Each structure stands twice: as structure tokens, then as C-alpha cells.
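Comments concern the structure below.
Quick caveat, the model's predicted, so the values are computed rather than measured. Only this structure's heavy atoms are used, side chains among them; waters, hydrogens and symmetry mates stay out.
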Amino acid sequence: MHHRSLVARAGGLAAALAAALTAPLALAQSEIRIAHVYSKTGPLEAYGKQTQAGLMMGLDYATGGTMAVAGKKLVVIEKDDQGKPDLGKSQLATAYSDDKADLAVGPSASGVALAMLPVAEEYKKILLVEPAVADSITGDKWNKYIFRTGRNSSQDAIGNAVAIDKPGTLIATLAQDNAFGRDGVKAFKDAIKTAKLVHEEYLPAATTDFTAGAQRLIDRLKDQPGKKVIWVLWAGAGNPFKINDMDLKRYGIEIATGGNILPAMAAFKGMPGMEGATYYYFGIPKNPVNEALVSMHYKQFKTPPDFFTAGGFSAAMAIVTALKKTGGDTKTNTLIKAMEGMSFDTPKGTMTFRKEDHQAMQSMYHFRIKNDPAFAWGVPELVREIKPQEMQVPIRNKR
């Protein structure tokens with residue numbers, strides 16, 4: 001009798017243990033786990049926070065408020081990489097292994113993204129890059145697990161070249177001495193066809209005093225004939241537009257730059273008429289998804305959505321479109337098959353993941369700055385939309 005009850009108890013224990021072990025498995029099967037590795041703190045904190053807000057709004061919008069696809073709940077796991085490559089790398093590994101993330105989104109900084117790419121390859125799981133920009137991410141450092149909704153350096157550069165590449169124009173560049181800055185200038189150089197690039201100035205990413213760099217730029221341009229432009233490529237802290245205080249007009253020198261987050265565009269108020277190309281400005285695209293983002297953002301934050309909010313929203317749209325295509329199947333190869341060549345709606349209109357390098361082909365917007373007293377920033381007015389098919393964005397991954 002005693003022996004039989006021991007056996008029964010052991011059997012019950014085994015059943016309980018089996019149930020305990022299968023519970024997380026059952027839970028995992030009823031969930032789709034998305035890791036978001038981004039700069040919650042650090043030099044690009046403003047970008048990271050916008051991406052996170054956009055990602056959550058986008059998932060809500062794309063799932064019709066259910067936060068579920070094919071009956072599976074979407075769970076977002078947040079990780080703060082602080083803008084540090086080693087930290088981003090270890091956090092992505094933890095997300096894939098310990099947190100059982102099915103796929104990941106991020107990061108904010110290009111240097112962090114480059115450190116994370118081999119981790120996606122090692123774990124054979126998708127990393128959807130948003131908003132890190134360096135060409136090398138979908139270029140020579142790419143692997144098949146990498147997709148990007150964010151624009152790359154070439155798309156930025158080609159857009160800006162459309163705006164300022166005119167015969168008789170002399171251009172000097174001012175950029176950060178990092179992957180973002182150097183990849184951006186390289187792509188810009190490749191995109192310039194008629195203007196002449198006469199000088200490249202690289203400064204540390206944390207620069208706050210631009211005087212010495214600006215003086216070198218002025219010295220290189222001041223005695224030259226023709227239209228003279230300093231093209232600025234800068235992300236994060238520091239205000240390179242302070243170089244305007246050095247009376248560039250006296251030398252006939254203008255500043256040109258791409259779009260930026262709204263606080264950074266406060267500096268544009270002093271530059272009415274300046275032209276460039278931007279990835280996004282809430283007042284430019286006219287489509288239902290952008291209307292939804294703008295209204296959701298005003299409702300939640302009482303402000304318009306910003307540059308990287310649109311990016312996070314686009315990443316969410318891509319994820320949900322892919323998951324709907326696979327019927328909620330998160331197997332990596334199934335997702336890759338669904339996503340290669342896939343078109344999806346975003347606040348910028350339709351984007352398409354190019355099969356060759358998984359870069360999202362998307363519009364850029366040629367703008368001219370206008371002063372509007374209603375806004376605290378210089379308002380980029382649309383000159384024209386530069387459609388994806390107009391941009392010969394090079395494939396750099398030698399696939």
C-alpha cells in the first residue's frame with residue numbers, strides 16, 4: 001500500500017513537473033515576442049524615445065487596437081543600449097536567448113547596430129534596423145537576417161544631392177567622425193554629379209565648440225567663385241548650426257542639411273530659404289497612415305509626431321504586415337521569405353524591402369525652409385517628393 005502511494009505520488013510529481021515545464025512553452029506559443037534595443041539613455045536618447053513611442057503606436061494601429069496577430073499576443077521587451085556597442089551586442093544576445101524574442105528592432109546608433117549584426121546571424125533571428133543609418137549595415141557588414149525600415153546614408157545623400165547638386169556649386173561637408181558621418185559623406189560624394197566637393201571636415205561626435213572646424217571650412221571656400229555651400233551631417237547633441245554666427249554671409253557661404261528632429265530644427269528658423277532633403281516631416285506626407293499617426297500622437301502627447309516616431313511606426317507596420325502574411329508563424333526563414341520584396345504601408349506611404357539587401361525603398365522629400373511664427377522651428381515646405389524609383393540607391397552588400 002505504502003509502495004503504491006509512493007508510485008502514485010511520484011507519478012503526480014512527474015505530471016506536475018511536466019505541466020510546469022510546458023506552461024512557458026504554451027505561453028510562448030500564444031505570444032510573439034519583440035525585443036526593442038534602443039538608446040533609452042545616452043547621446044541619442046531623444047531619437048530612441050521617439051522610436052519607442054512610434055513602435056507602440058504603430059503596433060496598436062496595425063493590429064486594430066488588439067495588439068495581437070493570428071490570435072497571438074504581441075509582447076514588446078525593452079532594452080537600453082545607452083548608445084554603447086558592447087552593451088547593445090550583449091543585450092540583443094540576451095533578448096534572443098533568455099527572453100526568447102522572436103525578432104528584434106533597433107538600435108538608434110549606427111555603431112551599436114554594426115556591433116549587433118553578427119548577433120542576429122549567430123542566433124539566426126531577424127533584426128529590423130530602425131533608425132540607425134550607416135550604409136554598411138545593409139552594405140558590406142550585412143547578413144540575411146538584417147532588414148531596415150530606416151533610411152540609409154545613400155537615400156539621405158541622394159535626396160540631398162537632388163536639392164543642392166547644381167552646376168557651379170562648391171560644397172564642403174561638416175560631419176561627425178563616426179560610422180554615421182563617414183558613411184553619410186561617402187554616399188553624398190557618390191551622389192554628387194555636377195557640383196564639386198572641395199573639403200571634408202570631420203569632428204568628434206561630442207563636439208560643442210565648432211569654431212576651429214568652421215574656420216577651416218571658411219578658409220577653404222571663401223575665395224572661391226560660384227555658389228558656396230557647407231553641407232552639415234550631424235546627429236544627437238551639439239549644434240553645428242552655430243557656425244552661422246561666424247557671419248558666413250560675408251563670404252557668400254550658405255548652409256544646407258537634411259531634416260532632423262523638431263528641437264534641432266529650431267536652428268533652421270535663422271535660415272529661411274535653406275534647401276535640403278528630409279526623411280520625414282509630419283506636415284508633408286498625405287496618406288491615411290500618416291493622418292492616423294499625427295492624430296494618435298496629438299491625442300497622447302499634445303505635440304506632432306517627430307522624425308523617429310514615424311520610423312518606429314514604419315517598423316511596426318512592417319512587422320505586423322509580415323506576421324499577417326505568415327499567419328503568425330515566427331520561424332525565421334518563413335519570415336525572411338515573407339519579407340523579401342514585401343511592400344507595406346507607412347506614414348511615408350508605401351515602402352518595399354528590396355530583395356537584394358532588405359533595405360526599405362522609400363520616398364525622400366526635397367524641402368525649402370519657411371519661417372512660420374506658429375512653430376518654434378523652421379518649417380520644411382515640400383518642394384517635391386523624390387520617389388523610390390527615382391533614386392538609384394546602390395546595392396553595397398555584394399550578396
With a 4.0 Å cut-off on N to O distance, would you call [X] and [Y] a salt bridge?
| X | Y | answer |
| --- | --- | --- |
| R151 | D156 | yes |
| D357 | R354 | yes |
| D177 | R182 | yes |
| E200 | K189 | yes |
| D190 | R396 | yes |

Just verifying a value: how many Å separate [X] [atom1] and [Y] [atom2], rounded to the nearest 0.5 Å?
| X | Y | atom1 | atom2 | value |
| --- | --- | --- | --- | --- |
| Y281 | M265 | OH | CE | 6.0 Å |
| F268 | W377 | CZ | CH2 | 13.0 Å |
| F147 | M339 | CZ | CE | 4.5 Å |

Answer with yes or no whether the side chains of [Y] and [X] bring together a donor and an acceptor at under 3.5 Å.
| X | Y | value |
| --- | --- | --- |
| S39 | D81 | yes |
| K84 | Q82 | yes |
| Y38 | E78 | yes |

Report yes or no: does [X] contribute a side-chain atom to a donor-acceptor pair with the main-chain N or O of [Y] at less than 3.5 Å?
| X | Y | value |
| --- | --- | --- |
| K242 | F210 | no |
| S154 | A187 | no |
| Y96 | I126 | yes |
| Q362 | T149 | yes |
| S314 | A310 | yes |
| K100 | R33 | no |
| K269 | D372 | yes |
| E385 | I284 | no |
| N160 | G276 | no |
| K72 | G328 | yes |

Crowding at [atom1], [X] (>12 non-hydrogen neighbours, <6.0 Å):
| X | atom1 | value |
| --- | --- | --- |
| K227 | NZ | no |
| K228 | NZ | yes |
| K222 | NZ | yes |
| K49 | NZ | no |

Given Y279, which partner from the list Y47, F367, F307, Y365 fulfils the ring-ring contact (aromatic ring centres under 6.0 Å, His included) test?
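Running ring-ring contact (aromatic ring centres under 6.0 Å, His included) over Y47, F367, F307, Y365 with Y279 returns exactly one hit, F307.
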Can you say whether the rings of H297 and F301 are parallel (under 30°), tilted (30 to 60°) or perpendicular (over 60°)?
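H297 and F301: tilted rings.
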Evaluate the ring planes of Y298 and F282, with Trp represented by its six-membered ring, and classify them as parallel (under 30°), tilted (30 to 60°) or perpendicular (over 60°).
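The rings of Y298 and F282 stand perpendicular, inter-plane angle above 60°.
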Can K249 and D247 be said to form a side chain to side chain contact (heavy atoms under 4.5 Å, CB included), step by step?
CA-CA 5 Å; K249 278 196 183 80; D247 199 8; 4.2 Å; yes
Verify side chain to side chain contact (heavy atoms under 4.5 Å, CB included) between W231 and I164, making sure each step is shown before the conclusion.
CA-CA 9 Å; W231 185 63; I164 61 175; 3.8 Å; yes
Are L262 and V294 co-members of a hydrophobic cluster defined by side-chain heavy atoms under 4.5 Å apart?
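Linked, V294 and L262 end up in one cluster.
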Hydrophobic cluster membership, with links at side-chain heavy-atom distances under 4.5 Å among I/L/V/M/F/W/Y: are V129 and V393 in one?
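No, it is not one cluster - the side chains of V129 and V393 are not joined through contacts under 4.5 Å.
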Check against side chain to side chain contact (heavy atoms under 4.5 Å, CB included), F308 and D306
CA-CA 6 Å; F308 297 103; D306 212 337; over 6 Å; no
If we check side chain to side chain contact (heavy atoms under 4.5 Å, CB included) with V162, which of these qualifies: E275, R384, M391, M364?
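Running side chain to side chain contact (heavy atoms under 4.5 Å, CB included) over E275, R384, M391, M364 with V162 returns exactly one hit, R384.
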Steps toward side chain to side chain contact (heavy atoms under 4.5 Å, CB included) verdict (L197, I192)
CA-CA 8 Å; L197 193 66; I192 292 289; 5.6 Å; no
With a 6.0 Å cut-off on ring centres, are F353 and F344 close enough?
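Between F344 and F353, which both carry aromatic rings, the centre distance is below 6.0 Å.
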